[in-house]
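Report on one structure; see the data block that follows.
Protein chains get the first letters and strands the later ones, always in sequence-line order, with residue 1 at the start of each. Predicted, not measured: the structure shown is a model, and the values here were computed from it. The analysis underlying the following values was restricted to heavy atoms, covering all of them including side chains, and did not include hydrogens, waters or symmetry mates.
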2 protein chains.
Amino acid sequence: MNRTSSSRNAEPRVRRSPGQRTASAPPVSVHVEREQDELLYRQVYRELVELIRSGRLRPAARLPSSRVLAQELGIGRNTVLLALEHLVSEGYVETRRGQGTYVAAELPDRTPFRSDAQADVRPRPLDLPERARSLVSPAHRPVTTSGLLRPGEPGYAGFPFKLWARLLWESWRQPQRRLLDGSHAAGYPPLKAAIADYLAAVRSIACTANQVIVVSGIRQALTVAARLLLDRGDAVWLEEPGYPPLRGPLVAAGAKLVPVEVDGEGLSVRAGQRAAPRPKLICIVPAHQYPLGITMSEARRRELLDYARQVDAWIFEDDYDSEWWYGGRILPAVQSLDRDGRVIYAGTFSQLLFPSIRLGYAVVPTHLVEPFLAAQQALDDQPSMLVQPALARFIADGHLATHLRRQRQRYKIKQELMLAAAQRHLGGLLELSADPGGMQLVGYLHADLLARMDDVEAGRRAAAAGFAAHVLSAHWMGTAQRQGLILGYAALPERQFDTVVSRLARALS
Amino acid sequence: MNRTSSSRNAEPRVRRSPGQRTASAPPVSVHVEREQDELLYRQVYRELVELIRSGRLRPAARLPSSRVLAQELGIGRNTVLLALEHLVSEGYVETRRGQGTYVAAELPDRTPFRSDAQADVRPRPLDLPERARSLVSPAHRPVTTSGLLRPGEPGYAGFPFKLWARLLWESWRQPQRRLLDGSHAAGYPPLKAAIADYLAAVRSIACTANQVIVVSGIRQALTVAARLLLDRGDAVWLEEPGYPPLRGPLVAAGAKLVPVEVDGEGLSVRAGQRAAPRPKLICIVPAHQYPLGITMSEARRRELLDYARQVDAWIFEDDYDSEWWYGGRILPAVQSLDRDGRVIYAGTFSQLLFPSIRLGYAVVPTHLVEPFLAAQQALDDQPSMLVQPALARFIADGHLATHLRRQRQRYKIKQELMLAAAQRHLGGLLELSADPGGMQLVGYLHADLLARMDDVEAGRRAAAAGFAAHVLSAHWMGTAQRQGLILGYAALPERQFDTVVSRLARALS
């Protein structure tokens with residue numbers, strides 16, 4: 001007979017003698033799997049809830065002891081006890097001292113358990129407004145498919161997670177009330193101070209901790225800045241080609257996006273002047289332009305600041321990749337040249353530590369601090385405090401500096417390995433050349449490959465082979481001028497470059 | 001002679017004999033303070049950087065040993081060593097085996113350290129667009145002043161922080177790659193599943209884990225929903241009086257805000273029909289309306305859903321306070337009555353655990369999941385993964401259910417203590433009456449007090465006495481119909497009610 005029916009038979013016996021101890025309660029058909037995404041505690045809990053709600057375990061039926069259940073399921077007894085505690089707290093089961101655990105005689109008032117939830121919902125037709133369709137356009141959404149050679153993905157092996165976990169533990173076992181009550185609207189003060197010091201030291205940023213506002217990332221910083229500084233229809237210069245996710249916040253603010261050509265010195269002020277002479281905002285990635293990897297020259301930075309002053313435009317500086325610099329000295333941030341408070345500087349820890357940390361910062365001119373905070377709170381409120389004390393310690397104690405120094409050495413070597421492997425395997429397919437910084441290289445389609453396919457097709461084939469390389473032409477708002485694949489090398493272990501790159505070659509051949 | 005000059009004298013001696021060990025290096029004038037917001041490591045680091053950058057510690061000058069510094073400053077030696085490690089990693093100092101620590105002969109290329117950062121910046125005049133001025137209007141911003149009787153502030157004493165810290169530690173000491181690489185765009189799958197189960201059990205929400213989208217809070221949920229579902233100028237019904245922070249996201253989306261009177265059964269459909277017959281979105285707080293504490297009747301819920309179907313409007317259900325219910329049974333969420341997928345349900349953990357956790361969830365109709373995620377990513381990207389695995393464990397292991405059960409008992413008692421203390425002290429000042437749920441009570445201004453002042457003045461006096469009670473009249477968009485103070489009682493320790501309430505009475509007398 002199957003286990004389920006046996007548990008059904010159990011019920012009357014228990015009913016007859018609720019006080020009597022039974023040597024062994026009937027087995028219950030509970031099934032758990034050690035999937036990584038599924039918590040064992042939860043599986044046991046849900047299986048039992050389903051057995052109870054479906055009536056296969058009747059009211060007042062006795063459950064096997066936690067020991068028996070643990071043995072049957074081959075899991076720890078604590079796991080079972082936690083599941084039972086959950087069931088007790090929700091009133092599904094009750095424990096009787098010295099007599100074991102029983103399904104509650106009266107079940108809590110609940111909707112019948114439905115794995116086919118909402119099966120009976122007939123959705124209204126979905127007609128989104130036009131402006132929403134442009135907002136959710138895939139054209140300016142991040143590509144986060146995981147896979148080989150994904151651009152912007154850092155190497156995780158180098159991160160000191162044991163230390164990280166300890167810092168989190170230390171910062172939460174006895175938190176101060178002010179850490180809990182949401183009073184640090186602009187961010188945890190020691191983190192703001194640590195970021196200000198860090199930026200002063202490595203990016204020549206001149207700011208007080210008060211100008212540092214903790215945000216969830218570059219996109220939130222731009223969403224707030226755009227909604228605060230732009231009127232509908234205001235022109236915004238964007239680098240062409242550029243980083244597509246920067247478009248979303250500007251589209252959302254109703255701005256007029258103006259793609260501006262990038263030349264060897266960075267965003268071309270003259271080209272912008274021709275396209276839209278009076279931009280209200282200029283978005284730049286000057287340290288290491290994405291995706292082309294150009295560094296904006298000092299002359300161009302001054303030309304840009306002069307023009308911004310002339311037409312009274314704001315500048316949004318995304319300091320992407322400035323931390324990953326292997327060659328000589330990297331130019332200070334454009335913010336450090338700003339003398340009339342028109343630069344909003346933004347950075348993120350997602351590429352320095354790991355993407356899912358989702359924590360960044362905006363450095364805003366003094367007179368913009370209050371309005372920026374007000375807009376941030378109107379749209380969302382402050383980012384979670386959870387990580388901020390640990391991150392403050394991580395920076396202030398020098399662990400960030402140490403981590404970056406080590407990663408820089410690793411990435412430099414990885415770029416060399418990437419170039420060497422490309423030499424060996426990508427001849428006639430992709431053309432790569434050395435870059436003084438960054439976490440990725442553009443592999444431009446060789447004429448021979450270009451004769452057979454464009455980079456969209458090349459990207460499709462790479463994806464089919466397990467690669468998450470990005471398609472270069474997708475980074476133009478207008479007609480693409482170059483064809484290539486953006487190859488991230490930071491996350492790939494040293495020993496795998498040769499095999500992975502040869503695999504890419506096969507996918508493209 | 002002062003310490004600074006002595007360290008200056010040290011330099012040539014070191015230059016002359018870099019190899020020779022000196023018995024004792026000259027003292028360095030470093031000053032640290034044990035402020036809670038200032039990390040000791042960082043203070044030592046910054047003091048030394050300043051001494052070095054300012055030249056008071058010359059290149060190649062020898063530093064005192066970490067032991068000596070630790071003794072001088074009266075702090076732990078590890079603290080000093082961490083500061084030194086930071087300095088070494090940034091190239092300010094170098095250690096010579098067996099010879100101690102020296103200021104680097106060549107300082108790293110840095111801007112001169114300026115505590116008067118941006119002193120030379122002459123800010124451009126700040127002329128924000130009109131629509132920005134309305135966005136940042138204090139009228140719809142959260143009041144987060146910390147103080148006594150702050151509405152919405154939970155009791156922290158009851159929260160198991162030791163367990164919480166352990167869960168954080170466990171989830172980060174050896175994280176899986178997928179937890180790091182940002183591939184869980186809609187939230188950590190076990191957390192989504194745990195939330196779906198929790199909502200099915202306690203709120204009769206019928207949804208799959210796929211419909212649960214992790215957000216930073218109610219405001220982000222509404223910001224995304226509004227930007228996605230509304231066209232500029234679309235009418236949105238808002239409860240009058242209501243929760244002011246719900247207005248920001250709607251203003252940001254360019255919606256037409258329509259305040260709709262709340263009667264004894266909740267938001268009045270008839271009043272809304274008169275004010276704006278064809279709303280595109282209806283925002284409700286049906287479980288325990290804020291600030292009046294009304295529960296929307298079952299009849300009204302069905303009337304509202306029928307009307308929404310009739311005019312094809314979306315409904316945004318903020319399930320605020322549904323967890324805090326002391327009387328009999330609480331009505332299931334409006335979402336559970338929705339049969340054509342027009343309800344967006346939102347909840348947050350900020351009031352359940354602690355405000356700074358900044359984590360909530362939206363439950364959206366199946367056909368809205370993808371567009372919602374796309375809009376969320378266009379505006380901001382996913383919320384941080386940092387807390388999600390720990391929170392998933394916290395819920396799935398039953399700790400949330402246990403915590404809520406205990407808090408419910410505490411809050412029930414606290415409300416009774418509040419009412420008793422009001423009886424004793426607030427006669428002729430504020431009138432409070434029992435509420436079957438929630439974390440706060442409205443103290444309506446008694447006629448005698450009203451004769452002397454309005455609630456704004458009463459709030460001002462209370463604030464001056466250290467209270468964070470909110471002003472009731474500020475919750476109307478139109479003319480306020482009632483005058484009162486909103487008094488949060490959840491965070492106040494039991495034994496303090498009498499003294500605190502009598503203190504409030506004195507402030508108002």
If we define contacts as heavy-atom pairs under 4.5 Å, which of [options] has the most with chain B?
options: A:Pro371, A:Ala83, A:Pro175, A:Ala196; value: A:Pro175
options: A:Pro129, A:Ala253, A:Gly248; value: A:Pro129
options: A:Tyr45, A:Phe159, A:Trp164, A:Trp314; value: A:Trp314
options: A:Asp234, A:Ile218, A:Leu229; value: A:Leu229

Any donor-acceptor pair under 3.5 Å linking the side chain of [X] with the backbone of [Y]?
X: B:Arg150; Y: A:Asp181; value: yes
X: A:Arg131; Y: B:Leu230; value: yes
X: B:Arg358; Y: A:Asp381; value: no

Less than 4.5 Å to any heavy atom of chain B: does that hold for the side chain of [X], its backbone, both, or neither?
X: A:Asp312; answer: both
X: A:Leu359; answer: neither
X: A:Arg232; answer: both
X: A:Pro383; answer: backbone

Exercise for the section: Could you tell me which residues satisfy side chain to side chain donor-acceptor pair (under 3.5 Å) with A:Arg406, sequence neighbours excluded, listed by chain and number? Expected result: none

Handout entry: Side chain proximity check, B:Phe161 to A:Gln174, heavy atoms < 4.5 angstrom
Key = no

Fill in the blank from the handout: Given the options B:Thr223, B:Leu135, B:Leu379, A:Arg227 meets side-chain contact (heavy atoms from CB on, under 4.5 Å) only with B:Leu135

Handout entry: Ring-ring centroid check A:Phe354 B:Trp172, cutoff 6.0 Å
Key = yes

